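Letters A, B, ... mirror the listed sequences (proteins, then strands); counts begin at 1. This structure is a prediction, so every number in the text was calculated from the model and none was measured.
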2 protein chains.
Amino acid sequence: MPNERPLRADAARNRAKILEAANRQIIAFGPEVPMESIAEDAGVAVGTLYRHFPTKADLVRAIVDSHLEEMAAEAEAAADRIGGGTSAVAEFITFWHMIMESAASNKAVKAAARELGASVDETEHLRRGQVAMERLIEAGKAEGGLRPDLAVEDCFIFFATVPLDEPVAVRERWFTLVIDGFRSGALREA
Amino acid sequence: MPNERPLRADAARNRAKILEAANRQIIAFGPEVPMESIAEDAGVAVGTLYRHFPTKADLVRAIVDSHLEEMAAEAEAAADRIGGGTSAVAEFITFWHMIMESAASNKAVKAAARELGASVDETEHLRRGQVAMERLIEAGKAEGGLRPDLAVEDCFIFFATVPLDEPVAVRERWFTLVIDGFRSGALREA
DNA sequence: CCAGAACATGAACTAAGATTCATAATTAAG
DNA sequence: CTTAATTATGAATCTTAGTTCATGTTCTGG
């Protein structure tokens, strides 16, 4: 029963401004950014933030969730590409590499990545991404490029802990080792 | 020029109490524990903490460093065991597994582990541990059980990001994958 | 045993940041 | 155009935690 009476014009306008500002601020400074900063960026008073979002956590969740959704969409896109020119393993690797780099330059994605590990509230987005990732992984195993026991959770756990504050070179090295771990055994057992 | 005049008896006593309390509190609650809590645990007033440690960071560093030192000592012990009954690779694995579990149950070690990643202040302890780890790794490569390009930094990076807040089962799985990554290629290239 | 140096105490100060709420401004329906 | 309902404002409140310092104690050398 979505009996939400429509927002007043100015309220709708402000809500949009708030979401945009929060997105900008959280991307740049992470969830720890003060509410005052978001309010200022949005050109609105703090009180207004609280009218639209009862608590800071709610606002942050809205933003982080939107990034989670984007990630899920990208995962689905990658899965849909299976059977095209590139191998599933290649798609898998490209996808996760992209997520890693996003998280490194976008504090909102970074926060979203953490949620992967602690899948607190089983968001719809998480589930969507999970399904897509399963498709990718199964295809990768079929190709013989991923270890037979690799699970979606493995990927989530790993990407919740990417060394984001280290220089690129370190991240790349980390990525190589992790991917090798995801592959290893693909040959032995199979 | 260590011209430190000896501490007065009561001061020395308090310093010890403070270090013990800080250790307890940081092990249990991590570096974020309030100075007040440490003071209370030590049976001393906050002002006294500040007489002995100019800033909270100094106190925390002292504690974390002591755990870093223990870790280095354990690494050396493991390296010294090379040539004994077990293989170097086994020692390597046992050592890191132990570090992981320590970090999971001891917030001070957890903090110390983070320092491994961001080797900010090149502590003497870090260097000692690094040397020992190099011995272990080289021996492991010689045995053919570790990938030829494995470096100490790899281990540091990884263990700075162990998924400590996840259940044991998850940590174990993570450990398996990482170790497999550390091995993989040992066969291919060699 | 005493003086003066060292040390300890803990209330007060400071800084941040989340959240509230009385007051003022806007909007939309009639 | 009015008015009641909805929103917005932002100064004030509350917490939390680090740090300081005037005042009171405790040591230690002589």
Side-chain angles (χ1 to χ4, degrees), chain A residues 2-65 107-108 110-111 114 120, chain B residues 2-65 107-108 110-111 114 120:
Chain A
N3 62 357
E4 316 280 330
R5 96 185 63 188
L7 283 177
R8 226 173 64 176
D10 56 344
R13 211 178 313 130
N14 278 338
R15 183 170 234 280
K17 287 199 292 180
I18 289 170
L19 283 170
E20 284 164 28
N23 195 43
R24 264 192 303 276
Q25 294 290 316
I26 294 177
I27 283 177
F29 304 108
E32 320 75 25
V33 70
M35 289 295 259
E36 297 277 8
S37 302
I38 297 176
E40 186 180 21
D41 184 324
V44 136
V46 260
T48 305
L49 299 199
Y50 285 93
R51 165 166 283 274
H52 290 277
F53 300 91
T55 153
K56 180 182 180 180
D58 292 316
L59 176 52
V60 169
R61 188 171 322 120
I63 299 301
V64 171
D65 260 35
K107 299 264 179 73
K110 178 176 176 173
R114 291 211 195 302
V120 197
Chain B
N3 61 356
E4 316 279 331
R5 94 187 63 187
L7 282 178
R8 227 172 65 177
D10 56 344
R13 209 177 315 129
N14 279 338
R15 182 170 237 277
K17 287 198 292 180
I18 289 170
L19 283 170
E20 284 164 28
N23 196 43
R24 263 192 303 277
Q25 293 290 318
I26 294 177
I27 282 177
F29 305 107
E32 321 74 25
V33 71
M35 289 294 260
E36 297 277 9
S37 302
I38 297 176
E40 186 180 19
D41 183 324
V44 137
V46 261
T48 306
L49 299 199
Y50 285 92
R51 164 166 285 275
H52 291 276
F53 301 89
T55 151
K56 180 182 181 180
D58 291 315
L59 176 52
V60 170
R61 189 171 320 121
I63 299 302
V64 171
D65 260 35
K107 300 264 179 76
K110 178 176 177 172
R114 291 210 196 304
V120 198

Enquirer: In whole angstrom, give the distance that lies between atom CG of A:Asn14 and atom P of C:dA25.
Expert: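 Nearest whole value for this atom pair: 16 Å.
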
Enquirer: Nearest-Å distance, NE2 (B:His52) to C1' (D:dT20)?
Expert: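 Those two atoms, NE2 and C1', are 16 Å apart.
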
Enquirer: How close or far is atom C1' of C:dC13 from atom OH of B:Tyr50, stated in whole angstroms?
Expert: 13 Å

Enquirer: Give the rounded distance in Å between these two atoms: CG of B:Leu49 and C1' of D:dC21.
Expert: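 Taking CG of B:Leu49 and C1' of D:dC21, I get 16 Å after rounding.
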
Enquirer: As an exercise, state the distance from NZ of B:Lys17 to CG of B:Leu49, rounded to the nearest 0.5 Å.
Expert: 11.0 Å

Enquirer: For each nucleotide in nucleotides 22-30 of chain D, reading 5' to 3', give B when a protein heavy atom comes within less than 4.0 Å of its base, S when such contact involves only the sugar-phosphate, and - otherwise.
Expert: ----BSS--

Enquirer: Could you check whether any side-chain N or O of B:Lys56 sits under 3.5 Å from a backbone N or O of B:Pro34, counting only pairs where one atom can act as donor and the other as acceptor?
Expert: no

Enquirer: Taking all atoms of both residues into account, what is the closest heavy-atom pair of B:Ala62 and B:Leu19, and its distance?
Expert: CB-CD2, 4.5 Å

Enquirer: To the nearest Å, how far apart are A:Ile18 CD1 and D:dT7 C1'?
Expert: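 Going from A:Ile18 (CD1) to D:dT7 (C1'), I get 11 Å.
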
Enquirer: Can you name the nearest heavy-atom pair linking B:Lys107 to B:Ile26, along with the distance?
Expert: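 Smallest interatomic distance, heavy atoms only, reads CB-O, 3.2 Å.
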
Enquirer: Between atom CE in A:Met35 and atom P in D:dA8, what is the gap in whole Å?
Expert: 14 Å

Enquirer: Reading DNA chain D from 5' onward, which residue's closest nucleotide shows up sooner: B:Pro54 or A:Thr48?
Expert: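 Here A:Thr48 is the residue nearer the 5' end.
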
Enquirer: Roughly, in whole Å, what's the span from CZ in A:Phe53 to P in D:dA8?
Expert: 12 Å

Enquirer: Go through D:dT7, C:dT19, C:dC7 for me and flag the one nearest to the B:Arg51 side chain.
Expert: C:dC7

Enquirer: To the nearest Å, how far apart are B:Leu59 CG and D:dA17 P?
Expert: 16 Å

Enquirer: Please determine, for the side chain of B:Ala45, which listed nucleotide (C:dT20, C:dT9, D:dT20) has the closest atom?
Expert: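 The closest nucleotide is C:dT9.
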
Enquirer: With nearest nucleotides of DNA chain C determined for B:Ala11 and B:Glu36 from heavy-atom distances, which residue corresponds to the more 5′ nucleotide?
Expert: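 Residue closer to the 5' terminus by nearest nucleotide: B:Ala11.
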
Enquirer: Side-chain N or O of B:Thr55 versus OP1/OP2 of D:dG18: is the shortest distance under 4.0 Å?
Expert: no

Enquirer: Checking side chain to side chain contact (heavy atoms under 4.5 Å, CB included) between A:His52 and each of A:Asn14, A:Leu59, A:Val44, which is the one that passes?
Expert: A:Asn14

Enquirer: Looking at A:Ile38 and A:Ile18, what are the two nearest heavy atoms and their distance?
Expert: CG2-O, 4.3 Å

Enquirer: Would you say the side-chain atoms of B:Asp58 pair up with the backbone N or O of B:Thr55, donor to acceptor, closer than 3.5 Å?
Expert: yes

